[in-house]
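Quick notes on the structure that follows.
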Amino acid sequence: MTKRRFSEGLKRLFGMHINLDDSFFENLTDSLVEGDVGAKTAFDIETLLRQECKKQKAETKDDIIRILTGILTPLIKTVTFMPEEKKTSVYLILGVNGVGKTTSIAKIANYYNKILTMPIVLAAADTFRAAAIEQLQYHGKALGLRVVAHQHGGDPGAVVFDAAEAIKAQGGGLVLADTAGRLHTKENLIRELGKIDKIAESKADTGCYKKILVLDATTGQNAFRQAEAFHEAISIDAIMLTKYDSTAKGGNAITISKELNIPMLFIGTGEQYSDIAPFDTKEFIKEFIGRD
């Protein structure tokens, strides 16, 4: 079966004569799954849609879209993080290799640098991946931001410690810390992140430590499995969804938010530093459904 965006499947359904029978709802559920919504979540949505369409006596395409929008919208939780003046905030950026994590850190740094007056320091705590330190230093230079880095293969916790100390010395600000993107087993993940997690939390002021997971919107249910593993290992505070362009189906955001109760923070749509925005559920659902 060829995978496609949910909006394409919905358009195909509405291109037929609308008859709200079992076949219609089953096809809609198939389209949700093809659009990267997890099977359990898709069946839950189908059940609610059946109930509401019957209750509200839905007959037209507009009726169904309105009801579906009303069901999907509350499933996606969002959050906003705003570093506090004169406090040390540490945002640990997590994710497997290949999701665009280091580039996302640069985008997040650029976003906050445009709206805040406080210092921002990038911590090159991915000391394992070849060229990860150099990549972050490149972004730091391009953005005019300080990068705290140690040698390749060094202690990532020590990098975060030094970056937080540098921010404290300036009277407060934001540390954005890169981390290694290795995901072998949950046990390895817990062990590798445990130390850096404790150091980051101890160096941040109360309520100023956040763990942000970067996920690739094009990877479908793999994104859910990554979120599940990281959340169990380190308790994720928010998600940044990257590579959300014409190829991304987006349903994984719905599943992750509903099943894991992790809110969405940012969405990335391109390669430029400015290609980042706070996650807007209303706009996301409109695009997911395919409404004009």
Side-chain angles (χ1 to χ4, degrees), residues 77-95 101-127 136 139-140 143-150 155-181 189-190 192-215 227 230-242 256-257 260-268 273 276-279:
K77 303 162 188 71
T78 59
V79 69
T80 300
F81 295 154
M82 194 56 59
E84 297 181 52
E85 293 286 345
K86 299 181 181 179
K87 289 190 176 182
T88 297
S89 295
V90 179
Y91 292 0
L92 204 63
I93 315 299
L94 305 129
K101 178 165 48 69
T102 306
T103 304
S104 294
I105 291 171
K107 291 179 181 180
I108 294 170
N110 184 60
Y111 174 81
Y112 282 119
N113 200 35
K114 287 182 178 299
I115 61 176
L116 301 174
T117 57
M118 65 181 66
I120 297 174
V121 169
L122 308 181
D126 181 354
T127 61
L136 197 66
H139 290 310
L143 294 168
L145 298 175
R146 179 180 176 185
V147 177
V148 172
H150 292 183
D155 179 5
V159 179
V160 174
F161 183 96
D162 288 351
E165 284 292 305
I167 283 294
K168 284 184 184 291
Q170 295 180 72
L174 174 63
V175 174
L176 293 170
D178 195 4
T179 58
L189 186 66
I190 292 169
E192 291 182 6
L193 293 177
K195 183 179 178 182
I196 192 172
D197 179 38
K198 289 179 181 177
I199 290 173
E201 185 172 22
S202 70
K203 300 305 293 182
D205 284 314
T206 303
C208 298
Y209 174 43
K210 306 295 181 185
K211 290 157 284 186
I212 302 167
L213 179 63
V214 178
L215 295 174
F230 275 95
H231 196 44
E232 288 180 7
I234 200 172
S235 189
I236 299 301
D237 294 304
I239 300 287
M240 175 169 176
L241 203 60
T242 67
I256 289 165
S257 191
L260 301 179
N261 201 33
I262 306 174
M264 300 291 145
L265 175 65
F266 290 120
I267 193 163
Y273 292 137
I276 181 175
F279 195 99

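Here the structure is a predicted model, which is why all the values come from computation and not from measurement. Only this structure's heavy atoms are used, side chains among them; waters, hydrogens and symmetry mates stay out.
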Exercise for review: Output the distance between atom CG (Leu122) and atom CG (Leu136), rounded to the nearest 0.5 Å.
Suggested key: 5.0 Å
Review point. Which atom pair, heavy atoms only, marks the closest approach of Thr88 to Asp205?
Key: N-OD2, 2.7 Å
Review point. Which pairs pass salt bridge (Lys or Arg N to Asp or Glu O under 4.0 Å) with one or both residues in residues 82-95, sequence neighbours excluded?
Key: Glu84-Lys87
Review point. Closest heavy-atom contact between Ala125 and Val159?
Key: N-CG1, 4.0 Å
Practice item. Output all residues satisfying side-chain hydrogen bond (donor to acceptor under 3.5 Å, both in side chains) with Asp237, sequence neighbours left out; order by chain, then residue number. Key: none
Review point. Looking only at atom types and distance, does a side-chain atom of His139 sit under 3.5 Å from a main-chain N or O of Ala106, one as donor and one as acceptor?
Key: no
Revision key, fill the gap. Heavy atoms of Ala124 and Val147 approach each other most closely as CB-CG1, 4.4 Å
Check your understanding: Excluding sequence neighbours, so at least two apart, what forms ring-ring contact (aromatic ring centres under 6.0 Å, His included) with Phe81?
Key -> Tyr91
Point to revise | Heavy-atom side-chain contact between Ile239 and Ile212 under 4.5 Å | key: no
Point to revise | Partner residues of Ala200 under the side chain to side chain contact (heavy atoms under 4.5 Å, CB included) criterion, sequence neighbours left out | key: Val90, Val160, Tyr209
Check your understanding: With no hydrogens and no angle check, is any side-chain donor or acceptor of Lys211 less than 3.5 Å from a backbone partner on Leu92?
Key -> no
Point to revise | Donor-acceptor under 3.5 Å (Thr127 side chain, Asp155 main chain) | key: no
Show me the side-chain donor-acceptor pairs of residues 161-170 shorter than 3.5 Å, one per line, residues at least two apart or across chains.
{"unit_1": "Asp162", "atom_1": "OD2", "unit_2": "His150", "atom_2": "NE2", "d": "2.7"}
{"unit_1": "Glu165", "atom_1": "OE2", "unit_2": "Lys203", "atom_2": "NZ", "d": "2.3"}
{"unit_1": "Lys168", "atom_1": "NZ", "unit_2": "Lys203", "atom_2": "O", "d": "3.2"}
{"unit_1": "Gln170", "atom_1": "NE2", "unit_2": "Ala166", "atom_2": "O", "d": "3.3"}

Review point. Roughly how far, to the nearest 0.5 Å, is OG of Ser104 from OH of Tyr111?
Key: 14.5 Å
**Study point:** Side-chain donor/acceptor of Ser257 to backbone N/O of Lys77, under 3.5 Å
**Key:** yes
Check your understanding: Just how far is it from atom CD1 of Ile262 to atom CG of Leu260, taken to the nearest 0.5 Å?
Key -> 4.5 Å
Could you pull out every donor-acceptor pair under 3.5 Å between side chains of residues 172-180 and any protein atom, sequence neighbours left out?
{"unit_1": "Asp178", "atom_1": "OD1", "unit_2": "Lys101", "atom_2": "NZ", "d": "2.9"}
{"unit_1": "Asp178", "atom_1": "OD2", "unit_2": "Thr102", "atom_2": "OG1", "d": "3.2"}
{"unit_1": "Thr179", "atom_1": "OG1", "unit_2": "Ile93", "atom_2": "O", "d": "2.7"}

